[in-house]
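Below: one structure, written as structure tokens.
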Amino acid sequence: MEIASNKAIMLAESRVRCIVDNSRCIVKIAREFGSFSNYMWGNVNFKPTINRYRYPRNVPLRSPKAEAISKDLLKRGFRFVGPVIVCSFMQAAGLTIDHLVDCFRYSECVSLAERPWRHI
């Protein structure tokens with residue numbers, strides 16, 4: 001109700017229902033896998049994918065991995081989680097490093113992704 005009544009957000013009722021339903025799905029995944037993080041990282045074998053794109057036009061909007069995760073999320077009851085949304089999430093969460101090779105952040109992101117670490 002709080003989301004639906006927030007005039008700053010102004011979401012349609014169907015979007016609000018989607019947020020609530022997706023939240024319930026995340027809780028189910030967390031029960032099954034320990035956390036939503038475990039579920040997502042498990043899809044990439046707990047290791048970020050490092051891409052080496054030179055030009056923005058080469059960075060894909062979707063990937064085969066994002067398409068597979070999207071299908072699984074849809075089977076689990078999620079809505080509005082197409083492969084483009086999932087691919088964007090994977091980039092934001094660091095599961096996929098899609099910075100261009102000449103980006104000032106590329107080296108730092110790659111060194112963080114390649115360091116030995118243990119997912120908790």
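Since the model is a prediction, treat every value here as computed from it, not as a measurement.
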Q. Going only through I, L, V, M, F, W and Y residues with side-chain contacts under 4.5 Å, is there a path from Ile50 to Leu112?
A. no
Q: Please answer whether the main-chain N or O of Phe78 pairs with a side-chain N or O of Asn22 as donor and acceptor at a distance below 3.5 Å.
A: no
Check residues 82-97 and write down every donor-acceptor pair under 3.5 Å in which the side-chain atom is one partner and the other belongs to a residue at least two apart or another chain.
unit_1, atom_1, unit_2, atom_2, d
Ser88, OG, Val84, O, 3.1
Gln91, NE2, Asp98, OD2, 2.6

(Q) Other members of the hydrophobic cluster containing Tyr53, with the 4.5 Å side-chain heavy-atom rule, please. (A) Val59, Leu100
Q) Does any pair with a residue in residues 56-67 pass salt bridge (charged side-chain N to carboxylate O under 4.0 Å, His left out), and if so which ones, sequence neighbours excluded? A) Arg62-Glu67
Q: Can you run down the salt bridge (charged side-chain N to carboxylate O under 4.0 Å, His left out) pairs that involve residues 79-88, sequence neighbours left out, and say none if there aren't any?
A: Asp21-Arg79
**Q.** Listed once per pair and sorted, the salt bridge (charged side-chain N to carboxylate O under 4.0 Å, His left out) pairs that draw on residues 80-89, sequence neighbours left out
**A.** none
Q. What residues form a side chain to side chain donor-acceptor pair (under 3.5 Å) with Asp72, not counting sequence neighbours?
A. Tyr39, Arg76
**Q.** All side chain to side chain donor-acceptor pair (under 3.5 Å) counterparts of Arg105, not counting sequence neighbours
**A.** Glu108
Q. So, do Ile29 and Leu73 sit near enough that their side-chain heavy atoms are less than 4.5 Å apart?
A. yes
Q: List for me each residue that meets side chain to side chain donor-acceptor pair (under 3.5 Å) alongside Arg52, sequence neighbours excluded, and say none if there are none.
A: none
Q) Stepwise, does the side chain to side chain contact (heavy atoms under 4.5 Å, CB included) test hold for Phe36 with Val27? A) CA-CA 8 Å; Phe36 187 70; Val27 170; over 6 Å; no
Q: Mark yes or no for whether Ser70, through its side chain, and Ala66, through its backbone, hold a donor-acceptor pair below 3.5 Å.
A: no
(Q) Assigning hydrophobic clusters by single linkage (Ile, Leu, Val, Met, Phe, Trp, Tyr; side-chain heavy-atom cutoff under 4.5 Å), is Ile69 placed with Phe46? (A) yes
Q) Short question: side chain of Arg31, backbone of Lys28 - any donor-acceptor pair under 3.5 Å? A) no
Q: Could you list the residues that satisfy side-chain contact (heavy atoms from CB on, under 4.5 Å) with Phe104, not counting sequence neighbours?
A: none
